[in-house]
Amino acid sequence: LRISAPLSLGVKVLPAVLSQFGALYPQTSVDVNLSDRFVDIVEEDYDLAIRISGPPSDKSTIWRKICKVPRLLVATPNYLRARGTPQQPEDLGDHDCLGYRDDLGEDVWHLSNGKRQRSHKVLGRLSANNGELLAALVLNGEGIALLPRFIVEAAIAAGHMARVLPDWSAPEIWLTLYYPPYEQL
């Protein structure tokens with residue numbers, strides 16, 4: 001099986017999954033390519049791609065939602081002590097926000113508290129296309145980032161990161177599998 005997966009998910013989650021898969025299906029070989037870009041699985045000859053994203057725009061492949069991937073706004077306690085803790089999304093404009101940038105352009109955080117919705121265009125001096133790098137920048141005290149919980153939960157539990165605006169949430173994204181149409185499998 002030739003699989004494409006995001007780098008952070010590949011490093012943090014896939015080792016255990018691949019070991020279990022190997023124990024169940026020892027006759028199957030697996031080739032994993034880690035990349036945060038959306039791949040064209042037909043053109044690039046992948047059997048399966050794993051992505052963490054919103055709804056697909058590609059209608060030529062088959063998509064299967066696996067589970068929700070909650071995202072959290074986070075910063076270090078030291079950063080928040082030095083710069084102040086945002087109380088409302090409007091306060092984010094006074095902070096260094098670390099944007100997730102991909103080939104699709106600018107990063108906008110859409111936040112909701114159930115009653116109100118706010119958008120914050122991320123214009124910070126640092127951005128990246130990888131959650132692990134953004135998490136490391138947060139740990140270095142560089143600012144606030146919106147990251148998948150699976151990337152930051154250990155740092156939050158250890159007290160190295162703190163949630164920012166915990167009553168506000170970003171739209172759902174999903175762990176999704178997609179693969180070519182059946183006739184190409």
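Here the structure is a predicted model, which is why all the values come from computation and not from measurement.
- At most 12 non-hydrogen atoms from other residues, nucleotides or ligands lie less than 6.0 angstrom from CD of Q117.
- In this structure, Y79 and H95 have tilted ring planes: the angle between them lies in the 30° to 60° band.
- Residue R163 qualifies as enclosed at atom CZ: its count of foreign heavy atoms under 6.0 Å is above 12.
- Side-chain contact check for W63 versus S53: some heavy-atom pair is nearer than 4.5 Å.
- When all heavy atoms are compared, the tightest approach of I144 to W109 is O-CH2, 3.6 Å.
- Residue I41 comes nearest to P180 through the heavy atom pair CD1-N, 3.3 Å, listed as atom of the first residue, atom of the second, then distance.
- Shortest non-hydrogen contact noted between V122 and C97 is CG1-O, 3.5 Å.
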Per-pair distances, 0.1 Å, donor-acceptor, side chain in residues 21-32, under 3.5 Å, sequence neighbours excluded:
none

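- Between the side chains of N130 and D36, at least one donor N or O sits under 3.5 Å from an acceptor N or O.
- A 4.5 Å side-chain heavy-atom check between I151 and L134 finds every atom pair outside the cut-off.
- Using a 4.5 Å heavy-atom cutoff, the side chains of L73 and W168 are not in contact.
- Closest approach of T76 and G141 over heavy atoms only: OG1-CA, 4.1 Å.
- In terms of heavy-atom proximity, P89 sits nearest to R118 at CB-CB, 3.8 Å.
- In terms of hydrophobic clustering, with Ile, Leu, Val, Met, Phe, Trp and Tyr side chains grouped at heavy-atom distances under 4.5 Å, V164 and L139 are assigned to different clusters.
- Side chains of P171 and R71 form a contact here, defined as non-hydrogen atoms less than 4.5 Å apart.
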Determine, stepwise, if the pair L92 / L111 fulfils side-chain contact (heavy atoms from CB on, under 4.5 Å).
CA-CA 11 Å; L92 292 170; L111 304 171; 4.0 Å; yes
Worked verdict on V138 versus V152 for side-chain contact (heavy atoms from CB on, under 4.5 Å):
CA-CA 10 Å; V138 168; V152 298; over 6 Å; no
Which donor-acceptor pairs under 3.5 Å do the side chains of residues 1-11 make with protein atoms, sequence neighbours left out?
unit_1, atom_1, unit_2, atom_2, d
R2, NH1, E44, O, 2.5
R2, NH1, D45, O, 3.2
S4, OG, R51, NH2, 2.7
S8, OG, E132, N, 3.2

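- Nearest heavy atom pair, residue L146 against residue A170, reads CD2-CB, 3.9 Å.
- Hydrophobic clustering places L72 together with V13 (ILVMFWY residues linked when any side-chain heavy atoms are closer than 4.5 Å, directly or through intermediates).
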Could you tabulate the donor-acceptor pairs under 3.5 Å formed by side-chain atoms of residues 80-87, not counting sequence neighbours?
unit_1, atom_1, unit_2, atom_2, d
R81, NH2, N78, OD1, 2.3
R83, NH1, D96, OD2, 2.8
R83, NH2, D94, O, 2.8
Q87, NE2, T85, O, 2.9

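- Side-chain heavy atoms closer than 4.5 Å link hydrophobic residues (I, L, V, M, F, W, Y) into clusters, and following such links, even through other members, never connects L147 to L123.
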Assess whether side-chain contact (heavy atoms from CB on, under 4.5 Å) is satisfied between K12 and E153, documenting all intermediate values.
CA-CA 12 Å; K12 289 194 169 283; E153 63 191 342; over 6 Å; no
Pair V69, R149 - check side-chain contact (heavy atoms from CB on, under 4.5 Å), show working.
CA-CA 7 Å; V69 178; R149 183 175 61 200; over 6 Å; no
